[in-house]
Colleague: 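Got a structure for you, written out below as structure tokens; questions coming shortly.
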Amino acid sequence: MSKGLTKRSEDYSAWYNELVKKADLAEHSPIKGCMIIKPYGYSIWEKMQAELDRMFKATGHSNAYFPIFIPKSYLSKEAKHVEGFAKECAVVTHYRLKNAEDGSGVIVDPDAKLDEELIVRPTSETVIWNTYKSWIQSYRDLPILLNQWANVVRWEMRTRLFLRTTEFLWQEGHTAHATRQEAIQETEQMLDVYADFAERCMALPVIKGIKTPNERFAGAEETYCIEALMQDGKALQAGTSHFLGQNFAQAFDVKFATKEGGLEYVWGTSWGVSTRLMGALIMAHSDDNGLVLPPKLAPIQVVIVPIYRTDEELERVSQKVQEIKKDLEALNISVKYDDRDTYKPGFKFADWELKGVPVRLALGARDLENNSIEVVRRDIERGEEGAKQIVSIDEVAGMVPALLDEIQTNIYQKALQYRRDNITTANSYEDFKRILDEKGGFVSAHWDGTPETEDKIKEETKATIRCIPLGNELEDGTCIYSGKPSTQRVLFARAY
RNA sequence: CGGGGUGUAGCGUAGCUCGGUUAUCGCGCCACGUUUGGGACGUGGAGGUCGCAGGUUCGAAUCCUGCCACCCCGACCA
């Protein structure tokens, strides 16, 4: 491992790529656009999964699993859906290989062509609604509240580790309801779940909003989203929740008998977050020394580094460390004792800093004499006031839970302050462009509500409407681009 | 798919214009010793189809042709 990261101020994108690799989160695979998620990175994802899964269950959902392959004909049943995804689908055409006649290796066996080609799922609405058709006959079969943890494939042209990969991991919730109202409530409820998760666990402040028709999910009637702001001033869509209306029910002919004896189409929702959240987590908090993880998602919350010269000293230090470790574990804190004798303390400090461990304890022979221990918090940058403190060994375990809470709160507050400072109001197209170029972040501006204006602005500035914030205040104004009347401001940004 | 760029050890690179013995350097790796409170040092060592395939030549990392891969910029996107 080479020393140091590119500084964020020098090249943000290089900083991100280096950090992902050096912190052992993920690396490129031999397949273009696909990634290998390494154990340390995957364990963060597992912590996200565990909490989200708990929250889904707490809101009445169950997990299920649907196939990775979707018959080609299914995808085309919902017109907008196929239009949205057709351009990025991987297709399975054959089911067998054979040795080439000329001995040059294996080739696709032309005799093994599939009658109907299969799509590798880019999302599962179609196969799931096809199934719901057989599961739903009566209002008594509703609602159906399912989630699945899965991988999906979207053949993107340009990829970046975690942020946009050809294959990615996610969860997709798919629910079916008897009424429009209930489906909308579900959509909004899951958006709240996502926002709560982002803010409480990831320490990532998000704006809840509604997408414009241009940015809406292919096949949805309304797309809700949570939008976050990264440290380079670009926005990132962190999660989406879709009100599908009756679109998929109509496409797959899913009807139910009402209590009153009528026959109606079922109302649907779908919602998802992906490994992209890893990208958000990295870009929201980390600094030039490496990853900064919120304690609630850190695979290792406390690392202990021993400092010693002789085996005898190591023995004495280790004994004390084991006691502290036991005390911390009794408080449900995950602790790593880094007693590798192949690295020096300085290296370990830098290494765990790079990996974002929230709290580091260092214990040496000198400490044993003074009954003291060094406590270092990762959320305050190395060398700055408050990053390091010396406390009594007897008190250290007891103070860690509060310290972890404080770190969690602190990084959330820092991110929140940054976002507050980077939502800027623009009242003219000139201001709008200047803010985007000089400052970045969200720009709050009036828009005439037409896709044409949105497209033009995107074309000229690369900024898109991230969302119309929920609970947005109505305010009369004029569109910054067309000068036509507008009733509210929307949030624009350049985005990932 | 358009425009630009790069392929040399695990990683980062020098050499290429103007062909010439054993392909340079740093990091990392291995061994031994000294070290250990912020990324240790010394000595020794291992590691290469110079992206691939042809061609020119006594001789190719270097020149020529073709191909491939990756990166950046655009069109597309969770």
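Just so it is clear, the model here is predicted, and its values are computed rather than measured. Every chain is numbered from 1, with letters handed out A, B, ... down the list of sequences.
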Colleague: Check the orientation of A:Tyr132 and A:Trp129. Use parallel for under 30°, tilted for 30 to 60°, and perpendicular for over 60°.
Modeller: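 Rings of A:Tyr132 and A:Trp129: perpendicular, as their planes differ by over 60°.
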Colleague: Just compare B:G38, B:G39, B:U36 and give me whichever is closest to any side-chain atom of A:Ile307.
Modeller: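 Closest nucleotide to the A:Ile307 side chain: B:U36.
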Colleague: Taking both distances under 3.5 Å as the test for a Watson-Crick or G-U pair, what stems of at least three pairs does RNA chain B have?
Modeller: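 Only these stems qualify: B:1-7 with B:68-74, B:10-12 with B:25-27, B:29-34 with B:40-45, B:51-55 with B:63-67.
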Colleague: Quick one: A:Tyr16 OH to B:C72 P, roughly how many Å, whole number?
Modeller: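 Going from OH in A:Tyr16 over to P in B:C72 covers 13 Å.
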Colleague: Would you mind telling me which of B:A78, B:G39, B:G37 lies closest to the side-chain atoms of A:Asp367?
Modeller: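 Side chain of A:Asp367 sits closest to B:G37.
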Colleague: Does a side-chain N or O from A:Lys344 land closer than 4.0 Å to OP1 or OP2 of B:G37, or not?
Modeller: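 Yes, because at least one side-chain N or O of A:Lys344 sits under 4.0 Å from OP1 or OP2 of B:G37.
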Colleague: May I have all residue pairs that pass ring-ring contact (aromatic ring centres under 6.0 Å, His included) and include part of residues 198-217 of chain A, sequence neighbours excluded?
Modeller: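 Qualifying pairs, neighbours excluded: A:His81-A:Phe217, A:Phe85-A:Phe217, A:Phe217-A:His242.
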Colleague: Please state how far atom CZ in A:Arg309 lies from atom P in B:G37, giving the value in whole angstrom units.
Modeller: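 Rounded to the whole Å, the gap is 8 Å.
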Colleague: Side-chain donor or acceptor of A:Arg360 under 3.5 Å from a matching atom on the base of B:G38?
Modeller: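 Present.
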Colleague: Pick the closest RNA chain B nucleotide for A:Asp341 and for A:Val376 by heavy atoms, then say which residue is nearer the 5' end.
Modeller: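 Going by which nucleotide is closer to the 5' end, it is A:Asp341.
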Colleague: For B:G37, does either OP1 or OP2 sit under 4.0 Å from a side-chain N or O belonging to A:Arg366?
Modeller: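 Negative; the distance criterion is not met.
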Colleague: Look at all strands and tell whether A:Tyr496 reaches a base, only sugar-phosphate, or nothing, counting heavy atoms closer than 4.0 Å.
Modeller: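 No contact at all - A:Tyr496 keeps every heavy atom at 4.0 Å or more from the nucleic acid.
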Colleague: Between B:A9 and B:G28, how far is it from one C1' atom to the other, in whole Å?
Modeller: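 About 11 Å, rounded to a whole number of Å.
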Colleague: With a 4.0 Å limit, can you tell me whether A:Lys462 has a side-chain N or O closer than that to the phosphate oxygens OP1/OP2 of B:G74?
Modeller: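 Yes, such a contact exists.
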Colleague: Looking for any heavy atom pair under 4.0 Å, which part of the strands does A:Glu156 touch: base, sugar-phosphate only, or nothing?
Modeller: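 Base: the residue A:Glu156, judged by heavy atoms under 4.0 Å, touches a nucleobase.
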Colleague: When the P atoms of B:G66 and B:G26 are considered, how many whole Å apart are they?
Modeller: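 Each nucleotide's P atom is 39 Å from the other's.
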Colleague: Scan residues 274-287 of chain A for pairs that pass salt bridge (Lys or Arg N to Asp or Glu O under 4.0 Å), counting only residues two or more places apart or in two chains.
Modeller: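 Those involving residues 274-287 of chain A are A:Asp287-A:Arg378.
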Colleague: Measuring only the P atom in each nucleotide, how far is B:G4 from B:U8? A whole number of Å is fine.
Modeller: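 Each nucleotide's P atom is 22 Å from the other's.
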Colleague: So for A:Asp351 and B:G39, does any side-chain atom that can act as donor or acceptor lie under 3.5 Å from a complementary atom in the base?
Modeller: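 No such pair is found, so the answer is no.
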Colleague: Over 60° means perpendicular and under 30° means parallel, so classify the ring planes of A:Phe252 and A:Tyr74, tilted if in between.
Modeller: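 A:Tyr74 and A:Phe252: perpendicular rings.
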Colleague: State, without any angle test, whether A:Trp45 and A:Ser43 hold a side-chain donor-acceptor pair at a distance under 3.5 Å.
Modeller: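 There is no such pair (donor and acceptor under 3.5 Å, judged by atom type) between the side chains of A:Trp45 and A:Ser43.
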